[in-house]
There are 2 protein chains.
Amino acid sequence: MPFEERLGGDIKRVEHDLMLVKQQAVRPAGLTVAQYATLLVLNEHPGVSAAELARRCRVTPQTMTTILRNLEAADLIARVPHEVHRNVLETRLTEAGRAAFEVADERASAVERRLADEFSAEERKTLRALLARCSKALTDQA
Amino acid sequence: MPFEERLGGDIKRVEHDLMLVKQQAVRPAGLTVAQYATLLVLNEHPGVSAAELARRCRVTPQTMTTILRNLEAADLIARVPHEVHRNVLETRLTEAGRAAFEVADERASAVERRLADEFSAEERKTLRALLARCSKALTDQA
DNA sequence: TGACGGCTATCAGAGCTCTGATATAGCTTC
DNA sequence: GAAGCTATATCAGAGCTCTGATAGCCGTCA
């Protein structure tokens, strides 16, 4: 199958473009895209565990450990042991973390809005349905 | 904008699924996805420069340098100075490189085929058109 | 009670990817 | 010929991502 006919190439290209644009968007806040995504989940679910963060951000726990290490070094998050489960660390935004997130979120949301505005509601629905089928086709009995 | 409503999340998820499945596909050949993609272009365009490879694989020249370093260390490619332009290095597959590529390509193509078979010709056309508009919306006046 | 399975967290290491900076070659223009 | 532009290649460094391996905590169940 020739290179250009592969659906994977189209998916890869869009994701790549998205990453580049988002990177430029969150950069002024001093964040990477992965850090922004982590802070986004953290903002909606304070005190969540690293393992749960990893699942929601779709990365491995090891990857999340790396991201959290950098965020903690920059004092954007704080991690404290769970009340009951001593093995679990609860992670929360610091004041600086929330501030950085809000700066980044304003710009990142604008990117998402620009993307969404390209399509009608009907088209968005179609696109999401097709993408969901891609995931299904790829994941089923992989 | 809530996390789940973002189109970027859907795109990210599909790309992520694709990478995982492809990684599993090319792994038995001893290749990474990036290496496989590089060998794929190299197979279709022997003697191409690293800069051109970078453009076709949609990575920076620096990233391609890293990939080529690993491929050369594994004797899967050979690089020789260009006849005229001494500044340019021509890259070609070695015998081992071609062998590894063919093993990987058989399995990777199967993944692409599985993905393509999920859709009718009409649906594929629609999906690609929508994805192209995503790229356009993201890239224009970024 | 103790073994087991499942969850948590993290270290180690390889590889990919980016930004930033540097050096060289060739072509164009003055 | 020198200046400047463009393209090549690569080093340096930070960060993300994966696989593999290790270790601790908690529940269940024999």
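Note on naming: letters A, B, ... go to the chains in the order of the sequence lines (proteins, then strands), and numbering restarts at 1 for each one.
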* **Spacing of CG belonging to A:L138 relative to CE belonging to B:M19, to within rounding of 0.5 Å** =>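 Between atom CG of A:L138 and atom CE of B:M19 there are 12.0 Å.
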Under 3.5 Å, side chain of [X] to main-chain N/O of [Y], donor-acceptor pair present?
X      : Y      : value
B:S49  : B:V88  : no
A:R124 : A:A116 : yes
A:T91  : A:G47  : no

* Between B:D17 and A:S135, is any side-chain donor less than 3.5 angstrom from a side-chain acceptor? ->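 Indeed, the side chains of B:D17 and A:S135 share at least one donor-acceptor pair under 3.5 Å.
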* Asked: For A:I67, which of A:N70, A:T65, A:T63 qualifies under side-chain contact (heavy atoms from CB on, under 4.5 Å)?
  ->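 Option passing the side-chain contact (heavy atoms from CB on, under 4.5 Å) with A:I67: A:T63.
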* Terminal helix-axis angle for the helix from C:dT1-D:dA30 to C:dC30-D:dG1, with five pairs defining each axis and rounding to 10 degrees ->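 The angle, to the nearest 10 degrees, is 10°.
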* When you check every protein heavy atom under 4.0 Å of nucleotides 15-27 of chain C, what one-letter string (B, S, -) results, 5' to 3'? -> SSBBBBB--BSS-
* Asked: If you take all heavy atoms of A:E112 and B:L7, which pair is closest and at what distance?
  ->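 Heavy-atom minimum between the residues: OE1-N, 3.3 Å.
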Expressed in angstrom and rounded to an integer, what is the separation of [X] atom [atom1] from [N] atom [atom2]?
X     : N      : atom1 : atom2 : result
B:L68 : D:dT10 : CG    : P     : 8 Å
B:L89 : D:dA7  : CG    : P     : 18 Å
B:E52 : D:dT6  : CD    : C1'   : 15 Å

* **Min side-chain heavy-atom separation A:P81-A:L89 under 4.5 Å** =>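 A:P81 vs A:L89: side chains touch.
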* A:R55 side chain near C:dT8 phosphate (N/O to OP1/OP2, under 4.0 Å) ->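 Affirmative; the distance criterion is met.
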